[in-house]
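Okay, so here's the structure we're looking at.
Quick note on labels: first sequence line is chain A, next is B, and so on, each numbered from 1. Hydrogens, waters and symmetry mates are skipped; everything else that's a heavy atom, side chains included, is used.
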Amino acid sequence: MPELLEVEYYRRLAERTVGRRIASVDAPDAWYLQQGLDAAQLEAVLAGAVVAGTRRRGKLLVLDLDGAPPLGLRFGMTGRLVVDGEAAIERLEYASARHEPGWERFRVRFEDGGSLVMVDPRRLGGVSLDPDVAQLGPEATTLTPSGLRRVLERSQAPLKARLLDQARLAGLGNLLADEILWRARLAPTRAAGGLDESELRRLHRVLRSTLRELDGRGGSHTGDLFVARRNGGLCPRCENGLARDQVGGRTTYWCPAEQR
DNA sequence: ATTGTGGCCTGCCCGC
DNA sequence: TGCGGGCAGGCCACAA
């Protein structure tokens with residue numbers, strides 16, 4: 001599913017639209033439009049605008065426009081981005097690799113004939129105007145040690161739940177959170193505020209290095225723990241059986257023998 | 001305020 | 001072989 005790594009790949013692809021003028025918008029699925037927008041409003045606002053740049057905060061992709069408010073794109077779990085017929089990612093975990101025309105939820109057509117399309121079978125993503133980036137926590141890829149402390153301090157919530165809270169820390173999804181906690185040898189069920197200084201430092205170091213490494217490998221499904229995320233899966237390090245629990249409302253695979 | 005839960009969406013996988 | 005019940009998780013509304 002698109003976590004921050006995948007959305008960053010989407011952003012890089014979307015860079016191709018910079019400098020291009022929007023001719024029209026197809027928004028066939030009203031459910032996909034946030035803020036009560038409808039297709040006609042969106043078309044009226046966006047037509048004629050020129051893409052000035054792209055940015056990303058966590059899992060939110062933003063197109064900055066000349067002549068219109070910024071356009072916010074959320075991809076949910078199964079949303080993919082296609083620009084000029086080319087997909088940023090061929091296949092998403094937990095989503096179909098097919099590209100049915102009926103799954104195209106939103107399309108921006110440019111005057112040069114190309115287009116930017118969101119393909120989302122499950123319709124969990126959405127499109128907004130002038131998205132409120134301030135509601136998101138700090139960006140995970142550039143998080144500082146003191147930033148991580150602020151994310152976790154004085155919280156009784158499970159460590160993993162806090163890492164997934166986009167208002168506290170932007171970008172991590174279920175797979176990345178499990179991979180990071182496994183690498184840091186920290187139990188997802190620990191109280192977030194209960195980490196000592198050395199654990200905080202370890203978590204920060206692992207968080208940053210894991211994001212960097214998996215970015216190079218190709219996405220949030222390329223972690224070392226990923227292949228073991230199944231019933232009967234064994235810890236890739238110690239080969240003890242992994243636990244499968246609900247933590248923070250998400251299916252969590254972890255190694256009780258190593259993660260403390 | 002903090003934390004937890006359930007529902008939304010729908011393709012796909014597994015077991016019968 | 002076909003069928004149907006779970007399952008997947010990002011996000012939001014709502015409850016305690």
| Salt bridge A:Arg237-A:Glu258, side-chain N to carboxylate O under 4.0 Å | yes
| Taking OP1 and OP2 of B:dG11, is either one under 4.0 Å from a side-chain nitrogen or oxygen of A:Thr78? | no
| request: Pick base, sugar-phosphate or nothing for A:Arg162, based on heavy-atom distances below 4.0 Å to the nucleic acid. | output: sugar-phosphate
| request: Output yes when at least one side-chain N/O atom of A:Arg229 is less than 4.0 Å from OP1 or OP2 of C:dG9, else no. | output: yes
| Sidechain N-carboxylate O distance under 4.0 Å for A:Glu199, A:Arg185 | no
| Atom pair distance, as rounded to whole Å: CD in A:Gln246 and C1' in B:dG6 | 12 Å
| task | Would you indicate whether the side-chain heavy atoms of A:Tyr10 and A:Arg80 approach each other to under 4.5 Å? | result | yes
| field | Any side-chain donor near an acceptor of the partner, A:Asp178 and A:Trp254, under 3.5 Å | value | no
| task | Using only side-chain N and O atoms of A:Arg244, determine if any of them is under 4.0 Å from OP1 or OP2 of C:dA8. | result | yes
| message | If the cut-off is 4.0 Å, is A:Trp31 near the phosphate of B:dC8, judged by side-chain N/O to OP1 or OP2? | response | no
| Would you call A:Arg123-A:Asp29 a salt bridge at under 4.0 Å N-O? | yes
| query | If you check every side-chain atom of A:Asn174, which of B:dG11, C:dG9, B:dT3 has the closest atom? | reply | C:dG9
| request: Kindly point out which of C:dC11, C:dG9, B:dG4 is positioned nearest to the side chain of A:Ala157? | output: B:dG4
| message | How many whole angstroms separate atom OH of A:Tyr32 from atom P of B:dC8? | response | 19 Å
| query | When the distance from CZ of A:Arg250 to P of C:dG10 is rounded to whole Å, what number comes out? | reply | 6 Å
| Would you say a side-chain N or O of A:Arg168 is under 4.0 Å from OP1 or OP2 of B:dT2? | yes
| Whole-Å distance separating the CG atom of A:Leu172 from the P atom of C:dG10 | 10 Å
| Would you say the base of C:dG10 and the side-chain of A:Arg74 have a donor-acceptor pair closer than 3.5 Å? | no
| task | Grab the CD-C1' distance between A:Gln34 and C:dC11 for me, whole Å please. | result | 9 Å
| field | Distance-only donor-acceptor test (3.5 Å): side chain A:Arg122, base B:dC9 | value | yes
| If you find the nucleotide of DNA chain B closest to A:Arg154 and the one closest to A:Pro121, which residue's nucleotide is nearer the 5' end? | A:Arg154
| Atom pair distance, as rounded to whole Å: CD in A:Gln35 and P in C:dC12 | 11 Å
| Whole Å only: how far is the CG atom of A:Leu124 from the C1' atom of C:dC12? | 11 Å
| Spacing of A:Lys59 atom NZ relative to C:dG10 atom P, expressed in whole Å | 4 Å
| Does C:dG9 have OP1 or OP2 sitting under 4.0 Å from an N or O in the side chain of A:Thr251? | yes
